[in-house]
Q: 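What follows is a structure written as structure tokens; I'll ask about it next.
We're numbering straight along the sequence, starting at 1. Just so it is clear, the values below take in all heavy atoms, side chains as well, and ignore hydrogens, waters and symmetry mates.
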Amino acid sequence: MTVIRFEPLDTLFFRDGRPYNREEQNQAGVRSLFPPAPSTLVGAVRAACARAMGWERGAWNTGISARLGDGSDLGPLRFRGPVVQWNGESLFPAPANLMAKPTATTESAPSTLLAPADIGAACDFGNDARLPIANSATDGAKLLGEQGWWITSRGLEALLEGRSPDPACLVHRRKLWETEARVGIARSGTTRTTGENAMYSPSHVRLGRGVALAMEARELPHECIDALQHRPWPVGGEARACWLHPDEDPLPLPDAPDLVVADRRLHYAVTVLTPADTGAPPRPGEPGYAGLPGRIVSACLPRPTLIGGWDSRTMEPLALRPYLPAGSVLFIEATSDAVGEVEALHGAAIGKRTAWGFGLVAVGLWSQHSDRTTEGPQ
């Protein structure tokens, strides 16, 4: 197992779902996503390893394919993450069950956690849907994840225990990265002249001091691990580059709380840490969603994340597909005999493409109805 830290030389660019092809119109303000999809970093690591093994261009030979896979087949490789790190500490998008009300003097007021209501309500999901509620006043409160807040491992550990995190565990994204508008013009490789629709203006991401991306990789060829750290490698679009720093320490993740069984029932919450390829979104009462033991009781879900990518073999973009976004929280009820299976989920992955790093989850408790508020981030 190797953890690879990505430290950019300059800015980074990970395009969103908008078309970004030469000679197309409307190439102004093309937004860069951050953090990137796991598949983007997996592709960068595999390409760097292939170059270290002698590949330059074209199809990989059988020797490289046997050790790095080929295309959508990862072969023996397995990845987990990525996570954002700030001065060596892991950060995660604020879960979608964490809310706070902005005030005039501080950026947020006391925060509160959402949990399934004790009594069902009639809605589009049925006549007995236990929608997420908070036990304290939430007039004007907003989801912290949608406002750009991130949470440390220590803060997420508190949340997994059903407690609101300490304000010091919440970090706004403006401390982590900024966006920079760039302007460029495409030129012919032969005539060195331009034509119509040649102007473009992507929006790059500049990471703050001490900010990096970290991803766990398993079964990387040993000769590649040493070669990765001797030069910068292309990562993402616009020919941006990163230093890749291999490390043997495990990927820092929050600890899981002890699960509680009452009346032979186990109530647990699953927090999604990287986008999950689960197909259709969860519905109340659905059993075995994405392979999770028990039935869905309720959920706090941000808008789906649309992820595509680039096929380097065909030199074409991949179709966009919806993923369960990082920060999603699923509330599940299972029987008491599922405790061991649920405990094994913490730090594992759900859904499809888990070997690529998609679907990393953390397991916690439902928040209690008492002591759910504390001072929010300053």
Q: Among L266, V339, L345, which one satisfies side chain to side chain contact (heavy atoms under 4.5 Å, CB included) with P293?
A: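 Among L266, V339, L345, the one meeting side chain to side chain contact (heavy atoms under 4.5 Å, CB included) with P293 is L345.
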
Q: Which of parallel (below 30°), tilted (30 to 60°) and perpendicular (above 60°) describes F13 and H204?
A: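 The rings of F13 and H204 sit tilted, inter-plane angle from 30° to 60°.
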
Q: Indicate yes or no: at least one non-hydrogen side-chain atom of M215 is less than 4.5 angstrom from one of V42.
A: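 Yes; the side chains approach each other to less than 4.5 Å.
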
Q: Would you compute the distance between atom OG of S153 and atom CG of D255 and round it to the nearest 0.5 angstrom?
A: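 The distance works out to 8.5 Å.
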
Q: Report the C-alpha distance between Y268 and L292 in whole Å, list the side-chain angles of each, state the deciding distance to 0.1 Å, and finish with yes or no for side chain to side chain contact (heavy atoms under 4.5 Å, CB included).
A: CA-CA 11 Å; Y268 69 99; L292 297 170; 3.9 Å; yes

Q: In terms of hydrophobic clustering (I, L, V, M, F, W, Y; side-chain heavy atoms under 4.5 Å; direct or indirect links), are V205 and V211 co-clustered?
A: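 Yes; tracing contacts between hydrophobic side chains, which count when under 4.5 Å, links both residues.
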
Q: Parallel, tilted or perpendicular: which describes the rings of F34 and F14, with under 30° parallel and over 60° perpendicular?
A: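 F34 vs F14 ring planes: tilted.
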
Q: Short question: side chain of R80, backbone of G347 - any donor-acceptor pair under 3.5 Å?
A: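 Here the side-chain-to-backbone pair exists.
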
Q: Please check if the side chain of R130 supplies one atom and the backbone of A117 the other of a donor-acceptor pair under 3.5 Å.
A: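 Between the backbone of A117 and the side chain of R130 there is a qualifying donor-acceptor contact (under 3.5 Å).
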
Q: Looking only at heavy atoms, which two atoms of P93 and A326 are closest? And how far apart?
A: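 Looking at all heavy atoms of both residues, the closest pair is CG-CB, 3.9 Å.
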
Q: Using the rule that two of Ile, Leu, Val, Met, Phe, Trp, Tyr join whenever any of their side-chain heavy atoms come within less than 4.5 Å, decide whether L365 and V261 are in one cluster.
A: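 Per the 4.5 Å side-chain linkage, L365 and V261 are co-clustered.
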
Q: Quick check against the 3.5 Å criterion: does T335 have a side-chain atom that pairs as donor or acceptor with the backbone of R265?
A: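 Checking the backbone N and O of R265 against the side chain of T335, no donor-acceptor pair under 3.5 Å is found.
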
Q: Taking atom CG of N87 as the centre, report whether more than 12 heavy atoms of other residues, nucleotides or ligands fall under 6.0 Å from it.
A: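 Yes, the 6.0 Å shell around CG holds more than 12 heavy atoms from other groups.
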
Q: Heavy atoms, side chains only, cut-off 4.5 Å: are V84 and L213 in contact?
A: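 When only atoms from C-beta onward are counted, L213 and V84 do touch, with a gap below 4.5 Å.
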
Q: Taking all non-hydrogen atoms of both residues, which atom of A129 and which atom of P284 are closest, and how far apart?
A: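 Minimum heavy-atom contact is CB-CG, 4.5 Å.
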
Q: Is L131 reachable from I332 through a run of hydrophobic residues whose side-chain heavy atoms are each under 4.5 Å from the next?
A: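 Looking at the clustering, L131 is in a separate group from I332.
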
Q: Measure the shortest side-chain to side-chain distance between L324 and P282 over non-hydrogen atoms and say whether it is less than 4.5 angstrom.
A: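 Yes. Closest side-chain heavy atoms under 4.5 Å.
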
Q: Walk me through it: do R5 and D247 pass the test salt bridge (Lys or Arg N to Asp or Glu O under 4.0 Å)?
A: CA-CA 8 Å; R5 297 180 69 249; D247 195 338; over 6 Å; no

Q: Would a 4.5 Å heavy-atom cut-off, applied to side chains only, mark S90 and Q85 as touching?
A: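 Counting from C-beta outward, S90 and Q85 do come under 4.5 Å.
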
Q: Might you point out which heavy atoms bring R173 and W150 nearest each other, and give the distance in Å?
A: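 Smallest heavy-atom distance, with atoms named: CB-NE1, 4.0 Å.
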
Q: Where the side chain of R46 meets the backbone of L68, is there a donor-acceptor pair that is under 3.5 Å apart?
A: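 Yes, R46 side chain to L68 backbone: donor-acceptor pair under 3.5 Å.
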
Q: Is the CD atom of E178 crowded by more than 12 outside heavy atoms at less than 6.0 Å?
A: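 For E178, atom CD is not crowded (no more than 12 foreign heavy atoms under 6.0 Å).
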
Q: Under 6.0 Å from the NE2 atom of H230, do we count more than 12 heavy atoms belonging to anything else shown?
A: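 Enclosed: over 12 neighbouring heavy atoms sit under 6.0 Å from NE2 of H230.
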
Q: Go through it in stages, so that I can follow the logic: the residues are L41 and I4, the test is side chain to side chain contact (heavy atoms under 4.5 Å, CB included), and I'd like the CA-CA distance, side-chain angles, deciding distance and then a yes or no.
A: CA-CA 10 Å; L41 299 187; I4 300 175; over 6 Å; no

Q: Mark yes or no for whether H346, through its side chain, and P254, through its backbone, hold a donor-acceptor pair below 3.5 Å.
A: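 Answer holds: yes.
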
Q: From R218 CZ over to L77 CG, what is the distance, rounded to the nearest 0.5 angstrom?
A: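 R218 atom CZ to L77 atom CG measures 12.5 Å (nearest 0.5 Å).
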
Q: So do L33 and T40 actually touch side chain to side chain, heavy atoms under 4.5 Å?
A: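 No, side chains not in contact.
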
Q: Test salt bridge (Lys or Arg N to Asp or Glu O under 4.0 Å) on D337 and R264 and set out the steps.
A: CA-CA 8 Å; D337 57 4; R264 301 181 61 83; over 6 Å; no

Q: Distance check, rounded to the nearest 0.5 Å: L244 atom CG versus R231 atom CZ?
A: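 Answer rounded to 0.5 Å: 9.5 Å.
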
Q: Heavy-atom distance under 4.5 Å between the side chains of I151 and L144, does that happen here?
A: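 Answer no - side chains too far apart.
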
Q: Ignoring hydrogens and geometry, is there a side-chain-to-backbone donor-acceptor pair from E286 to R283 under 3.5 Å?
A: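 Yes.
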
Q: Roughly how far, to the nearest 0.5 Å, is CD of E219 from CZ of R67?
A: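 Answer rounded to 0.5 Å: 10.5 Å.
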
Q: Does some side-chain heavy atom of V83 sit less than 4.5 Å from a side-chain heavy atom of L273?
A: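 Heavy-atom side-chain distance check fails, nothing below 4.5 Å.
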
Q: What verdict does the side chain to side chain contact (heavy atoms under 4.5 Å, CB included) test give for V270 and V329, after you've listed the backbone C-alpha separation in whole Å, the side-chain angles of each residue and the deciding distance to 0.1 Å?
A: CA-CA 6 Å; V270 170; V329 182; over 6 Å; no

Q: Measure the spacing between OG1 of T2 and CZ of F79 and express it to the nearest 0.5 Å.
A: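 Here the rounded value is 10.0 Å.
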
Q: Find out whether F331 and N97 are in side-chain contact, i.e. whether some heavy atom of one side chain is under 4.5 Å from a heavy atom of the other.
A: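 F331 vs N97: side chains touch.
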
Q: Can you give me the closest heavy-atom contact between G357 and T274, atom names plus distance?
A: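 Closest pair (atom of G357, atom of T274, distance): O-OG1, 2.8 Å.
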
Q: Do you see a donor-acceptor pair shorter than 3.5 Å between the side chains of H245 and Q229?
A: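 On atom types as modelled, these side chains do not qualify, holding no pair under 3.5 Å.
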
Q: Return yes if some donor-acceptor pair links the side-chain N/O of N61 with the main-chain N/O of G63 below 3.5 Å, else return no.
A: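 The answer is yes, because a donor-acceptor pair under 3.5 Å joins these two groups.
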
Q: Between the side chain of W233 and the main-chain N/O of L228, is any donor-acceptor distance below 3.5 Å?
A: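 Pair found, side chain donor or acceptor close to backbone of L228.
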
Q: Give, for atom CH2 of W366 and atom OG of S298, the distance between the pair rounded to the nearest 0.5 Å.
A: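 Interatomic distance, W366 CH2 to S298 OG, rounded to 0.5 Å: 8.0 Å.
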
Q: When you group the ILVMFWY residues by side-chain heavy-atom contacts below 4.5 Å and let the links chain together, are W243 and L12 in the same group?
A: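 L12 and W243: separate clusters.
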
Q: As a quick check of understanding, evaluate salt bridge (Lys or Arg N to Asp or Glu O under 4.0 Å) for E238 and R240, giving each step before the final call.
A: CA-CA 5 Å; E238 290 285 297; R240 316 312 295 174; 5.8 Å; no

Q: Within the side chain of W55, is there an N or O that forms a donor-acceptor pair under 3.5 Å with the backbone of G58?
A: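 Judged by distance alone, yes, a pair lies under 3.5 Å.
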
Q: Short question: side chain of S203, backbone of T179 - any donor-acceptor pair under 3.5 Å?
A: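 Pair absent, no side-chain N/O of S203 close to backbone of T179.
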
